[in-house]
There are 2 protein chains.
Amino acid sequence: MAPSRPLRPATQSDVAREVGVSRTLVSFAFRGAPGVSGETKEAIFEAAKRLGYRPNAVAADLARKHRSAVGLYLMDIRNEVYADILSGVRLALPQDGNRLILSVSRSVDGVDRGALESLIEARAGIIIAATLLDPDESVQELAQIVPLVSVTRPVPGVDSVYSDDIAGARAATEHLLGLGHKRIAHLAGPVYDGHTARRRSYEKTMHDAGLKPQTLAADDFTQEAGQRATTLLLKQSGRPTAIFTHNDQLALGAREAAYALGLSIPQDLSIVGYDNSRIAGLHGIDLTTVNLHAASLGQAAGAIALERLKNPEGPIADESLRPELVIRNSTAPPPAQT
Amino acid sequence: MAPSRPLRPATQSDVAREVGVSRTLVSFAFRGAPGVSGETKEAIFEAAKRLGYRPNAVAADLARKHRSAVGLYLMDIRNEVYADILSGVRLALPQDGNRLILSVSRSVDGVDRGALESLIEARAGIIIAATLLDPDESVQELAQIVPLVSVTRPVPGVDSVYSDDIAGARAATEHLLGLGHKRIAHLAGPVYDGHTARRRSYEKTMHDAGLKPQTLAADDFTQEAGQRATTLLLKQSGRPTAIFTHNDQLALGAREAAYALGLSIPQDLSIVGYDNSRIAGLHGIDLTTVNLHAASLGQAAGAIALERLKNPEGPIADESLRPELVIRNSTAPPPAQT
DNA sequence: GTGAAAGCGCTAACAC
DNA sequence: GTGTTAGCGCTTTCAC
């Protein structure tokens, strides 16, 4: 049989009745508000404990009118970058101030409107969103309904923190160029508004070097999608000697595809990822990649959210962090005879 | 300047006033309850859209008295096993029924009571917890306050779904034994109640083979902790020829430690992990490990939670799944001369 | 130092 | 079909 449980969880009123005071006192005691004598306070805590009373944060928020909860939307829980962002956000939030409501998209690819809606319906006072795939207009529209901080992607008119993707992609491409590669392909993610900076920067860098860019789009941001797309790419004639991918997950997929075809990395094929997720640094993976400092992005986003909560009319934040190329062992000069 | 935003989000009353009906109708319309004429319904939706009205799920839950939200506690967001569990839980929950409230522990090691409390305070009707490190009594106590489903670990008197760790650890150890290893060490996690099955099973299997077990405990469940502990272990004289770790994260750390000391895997050292996380299957990692079918665990937990919500007095669930050894390339016979 | 009363946005009988 | 009413558990003036 199930463990015996009080049929109805204890409420403030129960505690008040038990102690013989009014609900107000109980409320005050639990929020550490002044105006409760030490004795009463102790009696209240004692009774609360005996009754198993837990404050109802949800009812409190409702009564308080002003929504203090911070909603955090994460696009892909399997991508450790988002765990880093979460850590960063937490660092920025006061220990015991704002509740953090988490929401994880269920489809990595595509736009999970439901996950965002759930944050709104849970009455988050502000939403930190990493990463939004929706077109700019949709994001701006959403920001009308609830204050929004866009992480990882700049949206005009909306608080944003992001990494300088133009610089990151240029560094990655130039690294490959510098090694002597000419046929460098770019494996992009699905095409979404606000997510074309890396691709555009790659293409521009190639053009500037007098080379023809070759971009292909994976149908998702996952390892599996990267593997599918790369397999197709490598089976074509005149395959590239290097691939620069939109993120590490895609790069991981590209590796698998290459190995499955019997190619060696970096001897036959160089690969550069993006994110510098922890996996990239593992022995046996050794992926050259671009560090976008996800934890710092998260921390900055948290600070911006707090500021916005305090000052709804303040100026719009637009912070851009400098990424940094991390050279490991997945890149080398192109094979001699090609 | 910040985008213009309505000072106060629209409520049901606002919509009702706008249309010229009572709040009840609006409530009914939004929940698809019968008793609203098609015409009225349309007028309501139209007005709601114009006013930017969003239902307040929190207030609804409060009014509804019965808590339908499912709380999911995840111990380590960086361990992909927990992402698998999340996916499984989602599969089990009805698309539009129960809200899912997520909570991630901030310290991997140790017990993050706060993360659990936040679920209670957010008024989850039931909590699915993966993985609880607290002693049995604490868990049972918690289960008095709110229905609980323990994932990954059996707790007497509490709904539990878990993998058969005894069998899994035995299979892992026997695999190593079968390859001819004699000096097999076990890298356990920090010692917590309810988390000793893998270790005990390893020790028993060693004893049964007439061998002396050598267990060491990492100070956390992370890769970093695994690396620290293994570095110490390998620097001792008479180092083991194989290590079986409590989870894949620790195994990843063990690999790094071995490589840093110039050892080869599996030539100099065999390693067996536990979890079969996605990383384990990557080319270049190729970790032999035990599949605990995390997604299935999550799905089963979700189903149990639903059942418990429906029938608070039903019999206590105790489901155990069969794990399965996945042999890859991190294990081989021990080096010849030792 | 303590309490009464109103109200947060919503649901759920129960009338009309 | 539609509206009225009484809460859900809590916070918050404002009086005592």
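What you see below is based on every heavy atom in this structure, not just the backbone, and it leaves out hydrogens, waters and symmetry mates.
- What separates CD of B:E121 from P of D:dG9 is a distance of 16 Å, to the nearest Å.
- With contacts defined as side-chain heavy-atom distances shorter than 4.5 Å, the pair B:L119/B:Y73 qualifies.
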All N/O contacts under 3.5 Å from nucleotides 1-5 of chain D to the protein, with atom names and distances to one decimal?
from	atom 1	to	atom 2	distance (Å)
D:dT2	OP1	B:T40	OG1	3.4
D:dT2	OP2	B:S37	N	3.1
D:dT2	OP2	B:S37	OG	3.2
D:dT2	OP2	B:T40	OG1	3.1
D:dG3	OP2	B:S22	N	3.1
D:dT4	O4	B:T24	OG1	2.8

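- Put simply, B:R31 has a side-chain N or O that comes within less than 4.0 Å of OP1 or OP2 on C:dA12.
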| request: Given salt bridge (charged side-chain N to carboxylate O under 4.0 Å, His left out), test B:D61 with B:R123 step by step and report yes or no. | output: CA-CA 9 Å; B:D61 248 36; B:R123 258 12 187 196; over 6 Å; no
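- Residue A:D61 contributes atom CG, which lies 10 Å from atom P of D:dT11 at whole-angstrom precision.
- Regarding B:R99, its CZ atom lies at a distance of 13 Å from the P atom of C:dC10, rounded to whole Å.
- Taking the side chain as every heavy atom from C-beta outward, A:V81 and A:L297 never approach each other to under 4.5 Å.
- Within the 3.5 Å criterion, the main-chain N or O of A:A83 finds a donor-acceptor partner in the side chain of A:S87.
- Rounded to an integer number of Å, the gap from CD of B:Q12 to C1' of D:dG7 is 15 Å.
- Side-chain contact check for A:R17 versus A:D14: some heavy-atom pair is nearer than 4.5 Å.
- Put simply, CG on A:N56 is 16 Å from P on C:dC10, counting in whole angstrom units.
- Looking at heavy-atom distances under 4.0 Å, B:F30 makes no contact with the nucleic acid at all.
- The pair B:R153-B:D136 meets the salt-bridge criterion, since a charged nitrogen lies less than 4.0 angstrom from a carboxylate oxygen.
- Rounded to whole angstrom, the span from the CZ atom of A:R67 across to the C1' atom of C:dC8 amounts to 9 Å.
- Going from atom CG of B:D14 over to atom P of C:dC8 covers 11 Å, rounded to whole Å.
- Whole-Å rounding puts the B:K65 NZ to C:dG9 C1' distance at 16 Å.
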